Number of protein chains: 2
Amino acid sequence: MKIIDEKVNIDGIDKTILNHLMEDARKPILEIARNLGISGAAIHQRLRKLEKAGLIEGSKLVINPRVLGYTTLAFVGVYLDKAISNPQAVKKLREIPEVLECHYTTGNWSIFLKILCRDNEHLMKVLNMNIQAIEGVSRTETFISLDQQIQRQIKV
Amino acid sequence: MKIIDEKVNIDGIDKTILNHLMEDARKPILEIARNLGISGAAIHQRLRKLEKAGLIEGSKLVINPRVLGYTTLAFVGVYLDKAISNPQAVKKLREIPEVLECHYTTGNWSIFLKILCRDNEHLMKVLNMNIQAIEGVSRTETFISLDQQIQRQIKV
DNA sequence: ACTGAAATCGTTGCTGC
DNA sequence: GCAGCAACGATTTCAGT
């Protein structure tokens, strides 16, 4: 766990830089620099400041899973028998590549998952063969995403 | 909607390139090239092929919302009165910056959201003032993420 | 906090294997 | 499908103000 003890003071220039790069992490720094009327070096200085403050975590290439044949996105609420089995369950869940997110949540479920599968048959297999097989998992409730309408990060 | 009609044939070299850049979209291409023992130009050729195939959607700078004071992540199931109001509801949801994801789902809810707020008070305000205020929204069920244990993309 | 300069890298297009 | 090369632009760092 990284400790963030740096004060973050973000001005409009920082926001402009971040908003550009949040859309396209490989957008040329000099292009942003020309838009802002400052030098490329100034942008780099600000980026280093924002990294040091812990605001910038990194960058990711975003792929379209449909092209790889992954078309079924689902959310799964997991009921666990006993609280003590949670960390072991998460460890097992981490070994299932279809599990993209895993949250401890308030409410009915102990654990809440986002999983991505090739199709419904694959989803059923992952649920029955992989997730239900984990010790402590008593029951699951599955919600299939028929269509995702919004996908974004928080506005800076 | 982009039409993907390209056949995708991804070999081990493509996978290596993608896995590197999915971890860090700004990782130097020449560094990857040296690891693989091929030229930088060859990597660029493959990246163009993968973009043309629609597998590469883009890249994103990933920020840590906690540094901006956003600490409460929640999932919200939304009940809508009538099916006809769904597109209008989504349109309104898009105007709420705290809404990061929005899915049409199978099961009890019409719509399922991921939302990010500064704290529980802010969450309550967004639920009561913004989401419940949307025409057609009859009820919501909220699950707060106490801790996110897994966050990743599908393995290529 | 920013500029300007200098070295390295990114990117494209070419020729040839 | 890849190498090697060339040309131009971008990245990155650092001294200087």
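Order of the sequence lines fixes the chain letters, A, B, ..., with proteins taken first and strands second; residue numbering starts at 1 for each chain. Both backbone and side-chain heavy atoms feed into the values below; hydrogens, waters and symmetry mates do not. Remember, it's a predicted structure, so these values are computed and weren't measured experimentally.
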Minimum-distance nucleotide (side-chain atoms of B/A41 versus C/dG13, C/dT3, C/dG10) = C/dG13
Nearest to the side chain of B/R46, which nucleotide is it out of C/dT12, C/dC9, D/dG1?
-> D/dG1
Rounding to a whole Å, what distance do you find between A/K52:NZ and C/dA1:P?
-> 12 Å
Give a yes or no on whether B/K92 atom NZ has more than 12 heavy-atom contacts from other residues, nucleotides or ligands under 6.0 Å away.
-> no
Inspect the surroundings of CD in A/E121 and state if more than 12 heavy atoms from other residues, nucleotides or ligands are less than 6.0 Å away.
-> no
Give a yes or no on whether B/R66 atom CZ has more than 12 heavy-atom contacts from other residues, nucleotides or ligands under 6.0 Å away.
-> no
Among B/K114, B/Q149, B/R152, which residue meets the side chain to side chain donor-acceptor pair (under 3.5 Å) test with A/E101?
-> B/K114
Classify the nucleic acid contact of A/E31 as base, sugar-phosphate or nothing, counting any heavy atom under 4.0 Å across all strands shown.
-> nothing
How close or far is atom P of D/dG9 from atom CD1 of A/I32, stated in whole angstroms?
-> 18 Å
Could you please name the option among C/dC2, D/dT13, D/dC2 that lies closest to any side-chain atom of B/I38?
-> D/dC2
Nucleotide nearest B/I29 when distance is taken to its side chain, options C/dT3, D/dA3, C/dT11 = C/dT11
Within this structure, what is the CD-to-P distance between A/Q45 and D/dT17, rounded to whole angstrom?
-> 16 Å
Return yes if a side-chain donor-acceptor contact under 3.5 Å exists between B/Q132 and B/T140, otherwise no.
-> yes
Between C/dC2, D/dT13, D/dT11, which one does the side chain of A/R48 approach most closely?
-> D/dT13
Whole angstrom is fine here: how far is it from CD1 in A/I17 over to P in C/dC2?
-> 8 Å
Which of the following nucleotides, C/dG13, C/dG10, D/dT11, is nearest to the side chain of B/P28?
-> C/dG10
Interatomic distance where CG belongs to B/D14 and C1' belongs to D/dC2 [whole Å] = 13 Å
Is B/A42 touching bases, backbone alone, or none of the nucleic acid, heavy atoms closer than 4.0 Å?
-> sugar-phosphate
Figure out the CD1/P separation between A/I43 and D/dA10, and round it to whole Å.
-> 13 Å
So what does A/L30 touch, heavy atoms closer than 4.0 Å: a base, only the sugar-phosphate, or nothing?
-> base
How long is the line joining NE2 of A/H20 and C1' of D/dT11, in whole Å?
-> 18 Å
Just to confirm, is there a sub-4.0 Å distance from OP1 or OP2 of C/dT11 to any side-chain nitrogen or oxygen of A/R26?
-> yes
Atom-pair distance (CZ on A/R34; C1' on D/dT11), nearest Å | 13 Å
